[in-house]
Amino acid sequence: MKRTSVVIAALCAATLVSPAVASAAPSLQRTLQRDADTLVANGSPGALVELSTGNGGVKVRSGHGDLRTRTPVPWNGHFRIASFSKTFLSATMLQLVGEGRLSLEDTVDRWLPGVVSGNGNDGKAITVRQLLQHTSGLHDYMAELDLFTEKGFLRHRFDELSASEAVKLAVGKPPEFEPGTSWGYSNTNYVLAGLVTEKVTGRDWRQEIVERIVRPLDLRETTLPHTSPFLPAPYARGYDRFVVEGSNPPRLGRRVDVTLMNPSMGGGADGSINSTTEDGNKFLRALLGGKVLEPALLAEMKKTVPAPGLGEYGLGLAKAKASCGEYWNHGGALPGYLTGNGVTEDGKRSVMVSLNTLTPYNPGAELPAGNPLDPVIDHALCGRG
């Protein structure tokens, strides 16, 4: 989804440091607070940043979680992590690989015969590894949904689209490239990964994630909502502006409250999990710290290919560069919520950033070359404290 500029009313809510975390150096705390304030000044209604280390951490917030009541972003607010969900599913499938129940080199057709076929698409030529690494070439079914205009979103945000229906939309188009010859982000890959997981285990993919990841790591604030349009309390409301249809050059319309929506379009395996900054950090540190996967399986997850715009991409993990070295991450974006994160190679330091908008830009602003969350991630992972 392309980011566009956004008009945001002046926000004057207090920007407070959480009283629950105080072990980070004051200078780093001030830096992260400035970063959060900058995200709000640049166009996000609110921002929540949490850094977690083995010696404690820091949490800061800025702006509003509800523009009507002018209340701040909740310290422990829930939000839709969107495509960060892919990391949870990939780790779950790698556990199945470790148990000998699945191979990364299995073809899609091995588990879902005939599901991927037609228009040049061939499930016999696509492997599980290629699904998890976005090297299958499959068309992204999300491109066929009318969710990215105001009229389309308001009309369709509560629609239900099954995984099989999403796959049919995708294979109704020719592939973007031959499997294994390039890289292209496609939510269709993880819809199929969820279906493969269900075929292997005989259980819903959500149940597998809960029993393999959520419960063992005690992620008490992480939920898998199926098709419920509601977020667990407390939460920041999500806001966005959509491009005015027919405008040239494109301009954004009024701000729309987009909090309520069915997060499970396409079955949800590609991005429907709800969580918090604390749980997100706990998962990332456990994953890179070797508490989720055996070393050989974590090594498979970290085998990357070039991914234009993201750096490098492994199996549900992206590798990026900060000023102090490389780190691992997987962001997420849905109408109303933008999630960024990063974790060091050893899993000892991680950061989660949550904005309650997908379009964190003021009108007329020159869009940055990279992700607007990159500076705060860099400061959190590389700053002293």
Side-chain angles (χ1 to χ4, degrees), residues 83 85-145 159-213 224 226-227 263-273 297 300-301 303 305 313-316:
S83 283
S85 304
K86 292 178 172 68
T87 311
F88 286 74
L89 180 58
S90 181
T92 295
M93 295 187 77
L94 282 163
Q95 287 191 1
L96 294 172
V97 170
E99 294 164 8
R101 302 172 67 182
L102 176 69
S103 169
L104 290 173
E105 310 316 319
D106 284 349
T107 66
V108 172
D109 219 59
R110 158 78 172 80
W111 294 102
L112 305 172
V115 170
V116 177
S117 61
N119 297 302
N121 298 287
D122 185 2
K124 298 183 181 69
I126 299 171
T127 65
V128 171
R129 182 188 298 276
Q130 290 167 344
L131 292 181
L132 298 181
Q133 199 170 50
H134 293 299
T135 54
S136 71
L138 291 168
H139 180 70
D140 190 347
Y141 80 94
M142 288 290 288
E144 304 306 307
L145 303 183
D159 288 358
E160 294 188 15
L161 184 74
S162 70
S164 60
E165 290 170 335
V167 173
K168 287 179 181 178
L169 283 178
V171 300
K173 301 288 184 178
E176 307 296 330
F177 52 83
E178 291 295 317
T181 63
S182 187
W183 183 89
Y185 195 91
S186 174
N187 289 287
T188 307
N189 291 316
Y190 276 76
V191 172
L192 285 164
L195 290 173
V196 170
T197 298
E198 292 178 345
K199 183 67 72 168
V200 172
T201 64
R203 301 196 301 181
D204 189 286
W205 62 267
R206 297 173 183 84
Q207 188 176 0
E208 291 297 320
I209 289 179
V210 168
E211 296 196 6
R212 293 172 178 274
I213 308 293
L224 291 82
H226 292 263
T227 59
S264 295
M265 287 290 181
D270 53 330
S272 64
I273 296 177
L297 296 171
E300 289 291 341
M301 196 176 197
K303 288 182 179 179
V305 296
Y313 199 92
L315 307 184

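No experiment lies behind these values; they were computed from the predicted model shown. All residue numbers refer to positions in the sequence shown, counting from 1.
Legend: residues meeting ring pair (Phe, Tyr, Trp, His ring centres under 6.0 Å) with W183, ordered by chain and number and at least two apart, are Y313. For Y190, the ring pair (Phe, Tyr, Trp, His ring centres under 6.0 Å) partners are H134, not counting sequence neighbours. With sequence neighbours left out, the side chain to side chain donor-acceptor pair (under 3.5 Å) criterion links Q95 to R212. Listed by chain and residue number, nothing satisfies the side chain to side chain donor-acceptor pair (under 3.5 Å) test with K124 (two or more places apart in sequence, or in another chain). With sequence neighbours excluded, the residues forming a side chain to side chain contact (heavy atoms under 4.5 Å, CB included) with E160 are T227, N262, listed by chain and number. By the side chain to side chain contact (heavy atoms under 4.5 Å, CB included) test, P179 is found to be paired with A125, I126, Q130, residues two or more places apart in sequence or in another chain being considered. Partners of S182 under the side chain to side chain contact (heavy atoms under 4.5 Å, CB included) rule, at least two apart in sequence or in another chain, are F177. Remark: E178 pairs with T181 by the side chain to side chain contact (heavy atoms under 4.5 Å, CB included) rule, at least two apart or across chains.
Not one N or O on the side chain of S264 forms a donor-acceptor pair closer than 3.5 Å with the backbone of S272.
The side-chain hydrogen bond (donor to acceptor under 3.5 Å, both in side chains) contacts involving residues 194-206 comprise R203-E208, R203-E211, D204-R206, where partners must be two or more places apart or lie in separate chains. Applying the side-chain hydrogen bond (donor to acceptor under 3.5 Å, both in side chains) test to residues at least two apart or on different chains, the pairs with a partner in residues 107-117 are D106-W111. Every pair tested for salt bridge (Lys or Arg N to Asp or Glu O under 4.0 Å) that includes a residue from residues 86-97 fails, sequence neighbours excluded, so the list is empty. Evaluation of the ring-ring contact (aromatic ring centres under 6.0 Å, His included) test over residues 87-107, restricted to residues two or more places apart or in two chains, returns F84-F88, F88-F283.
Here the shortest heavy-atom pairing between V191 and A166 reads CG1-CB, 4.4 Å. The nearest pair of heavy atoms linking A269 to G194 is CB-CA, 3.9 Å.
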- Would you check, one step at a time, whether the test side chain to side chain donor-acceptor pair (under 3.5 Å) holds for Y141 with S186? CA-CA 8 Å; Y141 80 94; S186 174; over 6 Å; no
- Message: Show, in sequence, the C-alpha distance, side-chain angles and deciding distance for L131 and L138, and conclude whether the side-chain contact (heavy atoms from CB on, under 4.5 Å) test is met.
- Response: CA-CA 9 Å; L131 292 181; L138 291 168; 4.3 Å; yes
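Contact check for T127 versus V108: no side-chain heavy atoms found under the 4.5 Å cut-off. For the pair D270/T188, no side-chain contact is recorded, criterion being any heavy-atom separation below 4.5 Å from C-beta on. Under the 4.5 Å side-chain criterion, counting only non-hydrogen atoms from C-beta, D122 is not in contact with V116.
Here Q207 contributes atom CD and T92 contributes atom OG1; the two are 12.0 Å apart, rounded to the nearest 0.5 Å. In this structure, CD1 in I273 is found 9.0 Å from OG1 in T87, a value given to the nearest 0.5 Å. Rounding to the nearest 0.5 angstrom, the gap separating the CG atom in L145 from the CG atom in D159 is 9.0 Å. Here the straight-line distance linking atom CZ of R129 with atom CD of E105 works out to 4.5 Å at 0.5 Å rounding. In this structure, CG in L94 is found 6.5 Å from CG in L132, a value given to the nearest 0.5 Å. Once rounded to the nearest 0.5 Å, the distance linking CD of E99 with CG of L297 reads 9.5 Å.
Between E300 and K303, at least one side-chain N (NZ, or NE/NH1/NH2) sits under 4.0 Å from a carboxylate O, which counts as a salt bridge.
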